[in-house]
Amino acid sequence: MSTLIPVELPKAYRLLNHGPTVMVSSAHDGAVNLMSAAWSMPLDFEPPKVAVVIDRNTLTRGLVEGSGEFVLNVPSSEQAALTVAVGSASGRDVDKFAEHGIRTLPARVVKAPLVDGCLAWLECRVIPEPHIEATYDLFLAEVVAAWADPAVFADGHWKDNQGGRRSIHYIAGGQFFETGPAVEVEK
Ligand SMILES: Cc1cc2nc3c(=O)[nH]c(=O)nc-3n(C[C@H](O)[C@H](O)[C@H](O)COP(=O)(O)O)c2cc1C
């Protein structure tokens, strides 16, 4: 099981600042689900906020609308195949957790679970914006708790080479780039 340490909320944006593809977990009314999202981003420092596109045809959309909550799970490159798989089938047709043997941990604030083995997790509460949700499938949310695996992110910083476990960045057609070495410049 993953080891988690809390990430200070004003530093939570750093979990997404480099643009990793995420998996969105959601739960409502007894249903739990997981889908992938390449289109998410941090939106503010304090309180931290995120934006994510959740297509109107997904099961996730209904669960997020019903509960007003979701978790952004940041997968590692070892979870690239899983990320494509949960983004290629609907929870309407299959229990993705059973099908892929996905283990979960309870979140602290929201009902949606944290996916075991990820690098970082952001628990999010939707900020209702009906117009942009309906027009662009775009959801804004406040980050109400954030966690990271201390082997990859600690003291508000990603470790060098993320401890050897890289996050992933979706291109298309099952292809990703993985995060590479850090490039530092003097400020
Ligand atoms: C790598 C990857 C990234 C994706 N990014 C997004 C995204 O940003 N937003 C979105 O609505 N769907 C995205 N999708 C598609 C959903 O994950 C897909 O429709 C999923 O099957 C929905 O599952 P659900 O019906 O169980 O909620 C992506 C799929 C993949 C494979």
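Counting starts at 1 for both ligands and their atoms, following the listed order.
Taking Ile, Leu, Val, Met, Phe, Trp and Tyr as members and joining any whose side-chain heavy atoms lie under 4.5 Å apart, directly or through other members, the hydrophobic cluster of F45 also contains Y13.
We find the CD-CD1 distance between Q175 and I168 to be 12.5 Å, quoted to the nearest 0.5 Å.
Ranking protein heavy atoms by distance to atom 22 (C) of ligand 1, first place goes to T58 CG2, 3.5 Å. In terms of protein heavy-atom proximity, atom 8 (O) of ligand 1 is nearest to W39 N, 2.9 Å. Atom 7 (C) of ligand 1 has A37 CA, 3.5 Å as its closest protein atom, hydrogens excluded (heavy atom only). The closest protein non-hydrogen atom to atom 23 (O) of ligand 1 is K96 NZ, 3.1 Å. Ranking protein heavy atoms by distance to atom 21 (O) of ligand 1, first place goes to A89 O, 2.8 Å. For atom 28 (C) of ligand 1, the closest non-hydrogen atom on the protein side is S36 O, 3.5 Å. When only non-hydrogen protein atoms are considered, atom 3 (C) of ligand 1 lies nearest to A38 N, 3.6 Å. At the shortest separation from atom 15 (C) of ligand 1 among protein heavy atoms lies G87 O, 3.7 Å.
In summary, the atoms of ligand 1 found under 4.0 Å from a heavy atom of N33, numbered by their order in the structure, are 24 (P), 26 (O), 27 (O). Near S90, meaning under 4.0 Å from one of its heavy atoms, ligand 1 places the atoms 24 (P), 25 (O), 26 (O). For ligand 1 and I54, the ligand atoms under 4.0 Å from any heavy atom of the residue are 11 (O).
Using a 4.5 Å heavy-atom threshold, the side chains of Q162 and S167 count as touching. Proximity of R108 to E123: side-chain heavy atoms (C-beta onward) are separated by under 4.5 Å at one or more points.
Considering both main-chain and side-chain atoms, V53 comes within under 3.5 Å of ligand 1 through a nitrogen or oxygen pair. Considering backbone and side-chain N/O of G91, one or more are found under 3.5 Å from N/O of ligand 1. Ligand 1 has no N or O atom lying under 3.5 Å from any N or O atom of L34, backbone or side chain.
Inspection of the T60 and N33 side chains reveals an N or O donor paired with an N or O acceptor under 3.5 Å. Under 3.5 Å, the side chains of D149 and S2 contain no donor-acceptor pair of N or O atoms. H169 and T179 share a donor-acceptor pair across their side chains, judged by distance under 3.5 Å alone. Using a 3.5 Å distance cut-off with no hydrogens or angles, the side chains of S25 and N73 do pair a donor with an acceptor.
Sorted by first and then second residue, the pairs that involve residues 74-93 and meet side chain to side chain donor-acceptor pair (under 3.5 Å), not counting sequence neighbours, are S77-E178.
Between C124 and L72, the shortest heavy-atom distance links the atoms SG-CG, 4.3 Å.
Residue T60 touches ligand 1 through backbone and side chain together, judged by heavy-atom distances below 4.0 Å.
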